Amino acid sequence: MLGKLMDNVCEKKPLIHNITNYVTANDCANILLACKASPIMAEAEQEVEEVTSICDGLSINIGTLVENKIPAMLKAGKRANELGHPVVLDPVGAGVSEFRTKAAHELINQVHFDVIRGNLSEIRALVSGVGSSRGVDTDGQDEIVNDIGAIADFAGKVAGALDTIVVVSGATDIVADADRVYAVSNGHNMMSRVTGCGCMLSSITAAFLAANKEDKIEATLAAVCAMGVAGEMAHDRLTKEDGNATYRNYIIDAIYNMDGAKLEAMARYEVIK
Amino acid sequence: MLGKLMDNVCEKKPLIHNITNYVTANDCANILLACKASPIMAEAEQEVEEVTSICDGLSINIGTLVENKIPAMLKAGKRANELGHPVVLDPVGAGVSEFRTKAAHELINQVHFDVIRGNLSEIRALVSGVGSSRGVDTDGQDEIVNDIGAIADFAGKVAGALDTIVVVSGATDIVADADRVYAVSNGHNMMSRVTGCGCMLSSITAAFLAANKEDKIEATLAAVCAMGVAGEMAHDRLTKEDGNATYRNYIIDAIYNMDGAKLEAMARYEVIK
Amino acid sequence: MLGKLMDNVCEKKPLIHNITNYVTANDCANILLACKASPIMAEAEQEVEEVTSICDGLSINIGTLVENKIPAMLKAGKRANELGHPVVLDPVGAGVSEFRTKAAHELINQVHFDVIRGNLSEIRALVSGVGSSRGVDTDGQDEIVNDIGAIADFAGKVAGALDTIVVVSGATDIVADADRVYAVSNGHNMMSRVTGCGCMLSSITAAFLAANKEDKIEATLAAVCAMGVAGEMAHDRLTKEDGNATYRNYIIDAIYNMDGAKLEAMARYEVIK
């Protein structure tokens, strides 16, 4: 099933509008091109509604956020919602500062996100802390970091509370909506030494959703597995002199060379719920 | 002839002021260094006139444009004009939004560009649509996408109307001024899967112009051929596990290793007019 | 000794706050990850104090500076000073424009920097020119560019005047405080063809300082040697088809694969004073 969802990206070549950070924007653009999607980066408040209107999906990433980008994110998000385009949020650094956390809250309060992808602490910050009153109990969660069952349970609750699909990236990745939870064991721990693996995953998730609008959680699962498989394929190519810069390139290269059959053969996930 | 023009870049090592987007800025800087030119990226309105004054050429690129960069682009462009420095415009995304199109129009109305490089739809947006009254007839142009003769004719007309050299990037690249038109068949279609090939070409075009101020159209032709040759050389190195990220690096590497003799031997272009 | 200082970075994994330019931010993030440090890029005035508070060190880089980033740099720098976090300044382009030079002066007047790293002209601009009254005599310095003894003497004077450690990058790198001066001969001249080698060095210097707070000049020396050794290791891997893009990746890869023993074995420096 996942293979078909990936092949749909290559066939439909969705155009993805990215409002993102300047650290990993180049990698996000290239990994979208790697899976035959196309990127547009545009963040001027004056143009984001027009830009997103001609696209097939939207990825909003709050890395290197500055205040004047927030209205553009809100406008683009609302317009994409009106048009039924899938919208992904990467709440980079939510929880690190009141500014970043509030911005994330404002986004989830005003825009409906089909998928929210972050690490555990970022996802937590969406439902707790500054200005939050969403009622998902996050007490005692410091103990759950290594407890996949607990993370899965938490992710499902957040997904239900926010009416979205939640991806919690980690050693095991969790993909959850209110009803279903998948645990993905693809990937390699060296990916944590490459900046932007999370950002890149968020961008291609928007492409997978745009090409598979009727199967959102499966499309998200396919994107998460594809990124993990790319991390494995890329790691297999490394020589002992290679490090994280070459690894970054090989991860993008692996997506370039991956097709549905390859993904199908290498995806490793469990249905938890 | 083209070889000598490239060797002049390596010998004169022009310093190029770039006001550009954050997606491909790193690649633009590295490809300028690859051909022994040097990059300066500076976009504060307060400093662009001073910065451009110590440079040999200016490249303005409207990718990821935000409103407060426009005055800096105008100031830098006007100062470069006063000093006789070559100025290149890359109208990224012109036609995609009213904001981007208007900004491109404002730039071409207030700054004289020696070269404007874009894809067909970007070049079209310069002479049609919002706020345009330049009188180049663009009716019926939707039919010209695959007609090299028609694109060449169109490019020549735009070049005449805007008193510039127009480069229309595509499967075949067109280089035109009001009197002459060249068609370049160098390049590889995989270049369309690498973000920033156009931006990089615009940056090195400024370097080629700066090192060859008396031969502007030939210098532009040399830059276009060099980028295409780099795409071919880079493609020849790829293994079956490599993808677009490695390809990006190899394209820059190819410029690093290219000299005039290599360019001369591999350039493939026709004089159309 | 240098080896132990590098190993401390790998063991302590400092979190480094970067307020930096968009051209080389990705490389700075990846090279921090290469030495097992972690990067955070954050530049919103509203959050920089909070962000820097949870970090172990701060790197401020004024490439692609725009006016509204200056208050964020000042706030972050002052907060880091209060907390005793090491702070590094990379005065990219100081001397190129009044705006950039004044910004650098404002930073060094309001923030205490543990290390200031730049090329000779950038360091000069800190103590001369617009608005300067720091009293370091820079007359006649145009003659010192190739005179290591003179650069060393100059660097020591600037370090004393600004109560900091000064790194002057060049064919030979100088590391100086008021009392001591080291000359580092590691590195390769091809590094000048890779954008961001200086920026990357500034970022890892913050990491080396954060992991070695009691040995600041030695930690700075270790970072400078490590970057130079990486340039040598990376150059050894290049084939004749490789150029500066592959070289950039290999430099980061070399840091990824370097440990204290390797650094110890390959570092080449002299005590000048």
Side-chain angles (χ1 to χ4, degrees), chain A residues 20-30 41 43 61-70 92-104 119 121-122 125 129-130 189-200 238-253, chain C residues 10 13 15 17-55 64 66 68-69 72 76 194 200 230 233-234 236-238 245-258:
Chain A
T20 189
N21 69 79
Y22 61 72
V23 181
T24 64
N26 186 274
D27 294 330
C28 290
N30 273 327
M41 272 67 179
E43 64 188 45
N61 175 308
I62 65 170
T64 64
L65 186 67
V66 289
E67 195 164 33
N68 60 16
K69 283 174 77 167
I70 301 173
V92 178
V96 163
S97 72
E98 189 174 321
F99 169 73
R100 205 77 74 103
T101 308
K102 275 188 173 170
N119 59 33
S121 63
E122 289 162 349
V130 185
N189 61 18
M190 189 173 165
M191 296 174 85
S192 65
R193 303 280 294 280
V194 173
T195 195
C197 282
C199 303
M200 287 190 269
L238 296 177
T239 69
K240 69 177 175 38
E241 291 181 303
D242 290 328
N244 58 331
T246 292
Y247 190 42
R248 181 263 310 268
N249 294 315
Y250 285 0
I251 290 170
I252 298 171
D253 285 356
Chain C
C10 297
K13 300 176 173 44
L15 181 57
H17 180 196
N18 297 266
I19 305 180
T20 191
N21 68 79
Y22 61 72
V23 181
T24 65
N26 186 274
D27 294 330
C28 290
N30 273 328
I31 205 163
L32 283 167
L33 289 163
C35 58
K36 294 197 183 166
S38 288
I40 294 187
M41 273 65 180
E43 65 187 46
E45 193 181 341
Q46 297 90 336
E47 72 172 351
V48 288
E49 291 169 302
E50 268 176 282
V51 170
T52 222
S53 297
I54 61 159
C55 290
T64 62
V66 288
N68 60 16
K69 283 174 78 167
V194 174
M200 287 190 268
M233 289 169 62
D236 285 345
R237 296 181 65 189
L238 296 177
T246 293
Y247 190 42
R248 181 263 309 269
N249 294 316
Y250 284 1
I251 289 170
I252 298 171
D253 285 355
I255 292 288
Y256 184 92
N257 288 306
M258 197 183 300

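When reading the values below, keep in mind they use all heavy atoms of this one structure, side chains included, and skip hydrogens, waters and symmetry mates. We name chains A, B, ... by the order of the sequence lines, and we start the count at 1 in each one. Bear in mind the structure is a predicted one, so any value in this text is a computation, not a measurement.
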Show me the donor-acceptor pairs within less than 3.5 Å that the side chains of residues 19-26 of chain C make with the rest of the protein, sequence neighbours left out.
| residue | atom | partner | partner atom | Å |
| --- | --- | --- | --- | --- |
| C:N21 | OD1 | C:V23 | N | 2.8 |
| C:N21 | OD1 | C:T24 | N | 2.9 |
| C:N21 | OD1 | C:T24 | OG1 | 3.2 |
| C:N21 | ND2 | C:T24 | OG1 | 3.3 |
| C:N21 | ND2 | C:N61 | OD1 | 3.0 |
| C:Y22 | OH | B:T20 | O | 3.3 |
| C:Y22 | OH | B:E43 | OE1 | 2.5 |
| C:N26 | OD1 | A:R248 | NH1 | 2.9 |
| C:N26 | OD1 | C:N30 | ND2 | 3.3 |
| C:N26 | ND2 | A:V23 | O | 2.8 |
| C:N26 | ND2 | A:D27 | OD2 | 3.1 |

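Contact count versus chain A (heavy atoms, under 4.5 Å) is highest, among C:I40, C:T246, C:I252, C:I255, for C:I252. Of all the listed residues (A:E67, A:K240, A:R100), the one sharing the greatest number of non-hydrogen pairs under 4.5 Å with chain C is A:R100. For the set A:T64, A:N244, A:V194, the count of heavy-atom pairs under 4.5 angstrom toward chain C peaks at A:N244.
At a cut-off of 3.5 Å, with distance as the only test, no side-chain donor of A:S192 or A:N189 sits close to an acceptor on the other residue.
Taking OG of C:S38 as the start and NE2 of C:H17 as the end, the distance is 14.0 Å to the nearest 0.5 Å.
Partners of C:E50 by salt bridge (charged side-chain N to carboxylate O under 4.0 Å, His left out), not counting sequence neighbours: none found.
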